[in-house]
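Right, one structure below, let's go through it.
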Amino acid sequence: MKVLLDIKDEKAQFVLGLLRRLPYVKVKPFTPFQFEVIDSTRTALEELQLIKEGKLEARDAEELLNEILCKNDAGV
């Protein structure tokens with residue numbers, strides 16, 4: 001089983017130390033980029049589920065592309 005933990009920065013080293021002492025647990029911290037990708041994907045999947053359940057309205061693909069392109073233009 002894989003588990004994602006959200007630990008306060010000041011307690012992270014302590015918790016990681018405890019986990020590393022357990023012979024049946026592998027600890028592999030994420031880089032900030034990896035976490036961002038995982039978190040964004042999780043959010044997208046949750047939104048997709050809400051759309052399927054009819055609790056959230058789907059967006060038009062053209063609207064989404066325009067939003068993405070405008071964000072990219074703003075960063076230039």
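Linking Ile, Leu, Val, Met, Phe, Trp and Tyr whenever their side-chain heavy atoms come within less than 4.5 Å puts Val25 and Leu5 in one cluster. By the criterion of side-chain heavy atoms lying less than 4.5 angstrom apart, applied directly or through intervening Ile, Leu, Val, Met, Phe, Trp or Tyr residues, Met1 is grouped together with Tyr24 in one hydrophobic cluster.
In this structure, CG on Leu56 lies 11.5 Å from CD on Glu46, to the nearest 0.5 angstrom. Here Leu50 contributes atom CG and Glu47 contributes atom CD; the two are 7.5 Å apart, rounded to the nearest 0.5 Å. The line from CG of Leu65 to CG of Asp60 is 9.0 Å long, rounded to the nearest 0.5 Å.
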For residues 12-23, dump all side-chain donor-acceptor pairs below 3.5 Å to protein atoms at least two apart in sequence or in another chain.
from: Arg21; atom 1: NH1; to: Gly17; atom 2: O; distance (Å): 3.4

Atom pairs and distances, donor-acceptor, side-chain atoms in residues 26-41, under 3.5 Å, two or more places apart:
from: Thr31; atom 1: OG1; to: Gln34; atom 2: N; distance (Å): 3.1
from: Thr31; atom 1: OG1; to: Gln34; atom 2: OE1; distance (Å): 3.3
from: Gln34; atom 1: OE1; to: Thr31; atom 2: N; distance (Å): 2.8
from: Asp39; atom 1: OD1; to: Arg42; atom 2: NE; distance (Å): 3.4
from: Asp39; atom 1: OD1; to: Arg42; atom 2: NH2; distance (Å): 2.5
from: Ser40; atom 1: OG; to: Glu36; atom 2: O; distance (Å): 2.9
from: Thr41; atom 1: OG1; to: Val37; atom 2: O; distance (Å): 2.8

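When all heavy atoms are compared, the tightest approach of Leu64 to Arg59 is CD1-NH2, 3.5 Å.
A 6.0 Å sphere centred on CD of Glu10 holds more than 12 heavy atoms belonging to other residues, nucleotides or ligands. Around CD of Glu53, the count of heavy atoms belonging to other residues, nucleotides or ligands within 6.0 Å exceeds 12.
Two residues are said to be in side-chain contact when any heavy atoms from C-beta on lie closer than 4.5 Å; Gln49 and Lys55 fail this criterion.
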